[in-house]
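Step one of this worksheet: look at the structure below.
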Amino acid sequence: MANVSVAAEWQLLYNRYYRKPELYQMRWKHVDLARNKVAAAPFGGPLAVIRDDSKIVQLHGESALRKLRLFSSSGHLLADTVWRNPGGRLIGMSWTDDHTLVCIVQDGTVYRYDVHARLIEPNLSLGKECFESNVADCAFWGNGVVCITEANQLFCIADFKNPNAVKLADPGIIEPPRCMAVIEPQYTVSGNVEVLLGVGDGGEEEDAAVLAVEEDGVQRLGGEMLRGPLQKMVVSRDGKWLASFTHDGRLLVTTSDLTGVIIERECESALPPEQLAWCGMDAVLLYWEDMLLMMGPDGEPVTYLYDEPIILIPESDGVRILSNTSMEFLQRVPDSTVSIFTIGSTSPAALLYDALDHFDRRSAKADENLRLIKSSLPEAVEACVDAAGHEFDVLRQQTLLRAASYGQAFCSNFHRDRIQEMCKILRVLNAVRSLEIGIPLSIQQYKLLTPSVLIGRLINAHQHLLALRISEYLGMNQEVVIMHWACAKITASLAIPDTTLLEILLDKLKLCKSISYAAVAAHADKNGRRKLAALLVEHEPRSSKQVPLLLSIGEEDIALMKATECGDTDLVYLILFHIWQKRQPLEFFGTIQARQLARDLFITYARCYKHEFLKDFFLSTGQLQDVAFLLWKESWELEKNPMASKGSPLHGPRTKLIEKAQNLFAETKEHTFESKAAEEHAKLLRLQHELEVTTKQAIFVDSSISDTIRTCIVLGNHRAALKVKTEFKVSEKRWYWLKVFALATIKDWAALEKFSKEKKPPIGYRPFVEACIEADEKGEAIKYIPKLADPREKAESYARIGMAKEAADAASQAKDGELLGRLKLTFAQNAGASSIFDTLRDRLSFQGAS
């Protein structure tokens, strides 16, 4: 009997069954669809209702001001707002994929509303041409719209997320088209939207055709196929088929490019239907004032009579039918349901369902049925599970799942998680289908929509508790739900004190460990609750998110403390630059002085780029020696200036900077050495500057004292060299070394010899020998080698200038066998010299043995 009652609700269209269960009795009151424009979102989305300003209607005690009202699919009022938008008559409205309501008025202005009837700024425009010639009609799809003006020009916004209005090709028609349809960009070859316009009146001037208009051209379709103009047309969801109603009362289904006819059927009326819609991919619905006609590829059409106006809402697997009092869903009956509930069905699934009934009545017939379908039991169980998923009636779902569970007990090779998965899906679907929520999703729609999108829609509708429970039940991330709830709570709780609201928020935010407290705090600050934002951000564990927000709410000191505690130098620099621009220098110095990391990073940066500011900082903190070092460094920077040459006046400022540094060093007892060094540096710099001016050669400044003396001697300015020696108290040994090598450099051997005879050199005569040998003047070296006191040095010097005999004589005086060995190696190529050294070494060895 159950099978009979279920199948009795079905209608047979050709070879397929269709059913039309009632989803809801509408909860709204005093809503007449005949007096209103209605926009319904797919996938069980909300309804937008506004009084149709193109109709003359009687006001039954209601305000003359129109209201835009948003309802759930069950008729529950979600929000409303008074329509005060300028721009002329409302031409059309539709929902985008993200549940934004798009309303287009006569002058081409596009108004957008969220699901809470709040106007989204800024408003969009279709352009100046639409404003001047007015919008006559529009066709929506997903996230786009095509509008036609009264001048028969087409304009398109392909995506409201990137709302750029584009003018399509000129269709070249004088009269407005009889109908318009859109093939979505994803189904066209070009990847751009294609607009189909039904034109022609059957007269001599213009033949009936369909114009396919794109951005770059117009194509004429139909040709001989059409025997007259089309009155209505609609494209299937996959963009492959076009259903149209002809001028002589025929339903014509063709390919979308009108190259082939699929169905051609006579209708009961030649009047064009008010609405034309696809029901899945197998049937087409035509609605006149009191009749809904469903036509398939063959067989008698199915007729439904209505005594009230209806709105057809196409879905992926059927059509929702909205009336003043109810919401119904017309769909093809799934094959699994047909196999179970068809009258007289003996399919395995039907027998399994029947076996459960016998089992409940404790009849032995249950075992008999199971034996009959034993080989097909897995298929029967799967059919029951699938049929349960397609049911809207909860009791029938439970019965079918019980039948599947009953069959699974006798089936060893059935996937046992299948029933659990279906139970999960049905619990979610039943929760959102409830009268209070009003989202009548079918299982096919749910799978296309995906759970994450469904949760997002629940969040946007402020159904946070249900969204949280579904997320938890399905094992999904709950952070998005809790975040949105927290932000919505802050927005809606202006009267609640900050501390009280903080406790409420923390109680829920702690449910998710990875929650971003900084994001919630940012929302609180945006809503003017700065104290609450400061309290919330204290709970943010990630400094990278915490610190920037503290800066934005004016808590620079706390931000600096947090950044220095975590040791993130990038964050510290971020705060330093922020405070630097915002505060006075002394206040800024006081802020960073107490934070060592911040102070060190500031000093490091300022040393490279902000010397003057760094000097101010050091002076404010009494670090005079650091100021002195900076001044000294600045003096060296001046030296790099290309103007600092040939007696440039820049040497004066350099000297003054060094003198200032010397004075600052003198202020502290710990920097006596630096003070003395700076003093001598300044004195040397002045002297070198004078030398450059005198000699007109830029070769003295920034050279050392030794180099300055050497350069003076090379230039023959012995008086200046003596002055440098005296001024800087150069020792005699150092003076001799410098003068010896300087004279050798200029090969002034006479002066060198004279210098060696002035008095006994304090450095001995070896430097004289070295200088001569390096200058490759062996003859000059011979003058000084005999004066060497150490016979070893004398022997080695003779060897270096190739005098083997003299080297041997000197080595014999030293009585050093090792020295003789080294000298032998030096003269290895000279056999005579080698024999001399061998003889001397043998003699030395014999003397040692005796």
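Worth saying up front: this structure is predicted, and the values here are computed from it rather than measured.
In this structure, D32 has no salt bridge (Lys or Arg N to Asp or Glu O under 4.0 Å) partners at least two apart in sequence or on a different chain. Remark: R402 pairs with D360 by the salt bridge (Lys or Arg N to Asp or Glu O under 4.0 Å) rule, at least two apart or across chains. Evaluation of the side-chain hydrogen bond (donor to acceptor under 3.5 Å, both in side chains) rule for Q397 yields N430 as partners, not counting sequence neighbours. Taking the salt bridge (Lys or Arg N to Asp or Glu O under 4.0 Å) definition, one finds that R19 meets it with E391, sequence neighbours left out. For E121, the side chain to side chain contact (heavy atoms under 4.5 Å, CB included) test picks out L119, N123, with sequence neighbours left out. Remark: R418 engages E382 in a side-chain hydrogen bond (donor to acceptor under 3.5 Å, both in side chains) (not counting sequence neighbours). With sequence neighbours excluded, no residue forms a salt bridge (Lys or Arg N to Asp or Glu O under 4.0 Å) with R457. R112 meets the side-chain hydrogen bond (donor to acceptor under 3.5 Å, both in side chains) test with no other residue; sequence neighbours excluded. Applying the side chain to side chain contact (heavy atoms under 4.5 Å, CB included) rule to E472 yields the partners Q478; only residues at least two apart in sequence or on another chain are considered.
Taken from CG in L509 to CG in L536, the straight-line distance is 7.0 Å, to the nearest 0.5 Å. Separation of atoms OG (S405) and CD1 (I419) is listed at 5.0 Å; rounding is to 0.5 Å. The CD1 atom of I470 lies 5.5 Å from the CG atom of L454; values are rounded to the nearest 0.5 Å. A distance of 13.5 Å separates CD1 in I455 from CD in Q463, rounded to the nearest 0.5 Å. Taken from SG in C279 to CZ in F329, the straight-line distance is 7.5 Å, to the nearest 0.5 Å. Summarising the geometry, atom NZ belonging to K424 is positioned 6.5 Å from atom CG belonging to L474; distances are rounded to the nearest 0.5 Å.
Using a 4.5 Å heavy-atom threshold, the side chains of D417 and M422 count as separate. Using a 4.5 Å heavy-atom threshold, the side chains of I50 and R69 count as separate. Between R396 and T399 the shortest side-chain heavy-atom distance does not fall below 4.5 Å. In this structure, the side chains of C384 and L401 stay at 4.5 Å or more apart for every pair of heavy atoms. Under the 4.5 Å side-chain criterion, counting only non-hydrogen atoms from C-beta, I340 is in contact with L400. V145 has its side chain within reach of I104: a pair of non-hydrogen atoms, C-beta onward, lies under 4.5 Å apart. Taking 4.5 Å as the limit, some side-chain heavy atom of D53 sits within range of a side-chain heavy atom of R66. Side-chain contact between L322 and I310: absent, with no pair of heavy atoms (C-beta onward) separated by less than 4.5 Å.
Between I482 and L468, the shortest heavy-atom contact is CG1-CD1, 4.0 Å. Between I437 and S72 the shortest heavy-atom distance is O-CB, 3.8 Å. Taking all atoms of both residues into account, the shortest heavy-atom contact from T337 to A387 is OG1-CB, 3.7 Å. For L70 against V115, the heavy-atom pair with the smallest separation is CD1-O, 3.4 Å. Scanning all heavy atoms of the two residues, the minimum distance from R27 to E436 falls at NH1-CA, 3.9 Å. Nearest heavy-atom pair across E22 and S326 is OE2-CB, 3.6 Å.
Looking at Y24, its side chain does come within 3.5 Å of a backbone N or O of R433 through a donor-acceptor pair. Put simply, the side chain of N527 gets close to the backbone of H523: a donor and an acceptor are under 3.5 Å apart. Under a 3.5 Å cut-off, the side chain of T109 and the backbone N or O of V105 do not form any donor-acceptor pair. The main-chain N or O of N324 is found under 3.5 Å from a side-chain atom of W28 such that the two form a donor-acceptor pair. Within the 3.5 Å criterion, the main-chain N or O of V38 finds no donor-acceptor partner in the side chain of N36. Side-chain N or O atoms of S73 include one that pairs as donor or acceptor with a backbone N or O of G45 at under 3.5 Å. Side-chain atoms of W95 come within 3.5 Å of backbone atoms of A39 as a donor-acceptor pair (strictly under, hydrogens ignored). A donor-acceptor pair is defined here as one N or O able to donate and one able to accept, closer than 3.5 Å; such a pair exists between the side chain of D114 and the backbone of A117.
Aromatic ring centroids of Y446 and F43 lie 6.0 Å or more apart.
Every pair passing side chain to side chain donor-acceptor pair (under 3.5 Å) that includes a residue from residues 78-87 is listed here, sequence neighbours excluded: N85-Y113. Residue pairs meeting the side chain to side chain donor-acceptor pair (under 3.5 Å) criterion with at least one member in residues 493-511, sequence neighbours excluded, are D498-R529. For the salt bridge (Lys or Arg N to Asp or Glu O under 4.0 Å) condition, the pairs that include at least one residue of residues 319-329, sequence neighbours left out, are K20-E328, E315-R320.
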- Item | Stepwise side-chain contact (heavy atoms from CB on, under 4.5 Å) test for L505 and I490 | CA-CA 9 Å; L505 293 172; I490 291 170; 3.9 Å; yes
- Task: Please test S442 against F392 for side-chain contact (heavy atoms from CB on, under 4.5 Å), starting from the C-alpha separation and ending with a verdict.
- Result: CA-CA 8 Å; S442 67; F392 283 84; 4.1 Å; yes
- Any chance you could lay out the side-chain contact (heavy atoms from CB on, under 4.5 Å) test for N164 and I157, step after step, and finish with the verdict? CA-CA 6 Å; N164 295 321; I157 294 179; over 6 Å; no
- Task: Test side-chain contact (heavy atoms from CB on, under 4.5 Å) on V102 and M93 and set out the steps.
- Result: CA-CA 5 Å; V102 178; M93 60 181 182; over 6 Å; no
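A donor and an acceptor atom, one from each side chain of S316 and Q445, are nowhere located under 3.5 Å apart. Side chains of E308 and T325: a donor-acceptor N/O pair is present below 3.5 angstrom, by distance only.
F359 CZ: 12 or fewer foreign heavy atoms inside a 6.0 Å radius.
In this structure, D52 does not pair ionically with R35, as no charged nitrogen and carboxylate oxygen lie closer than 4.0 Å.
By the 30° and 60° cut-offs, the orientation of the rings of H464 relative to H484 is tilted.
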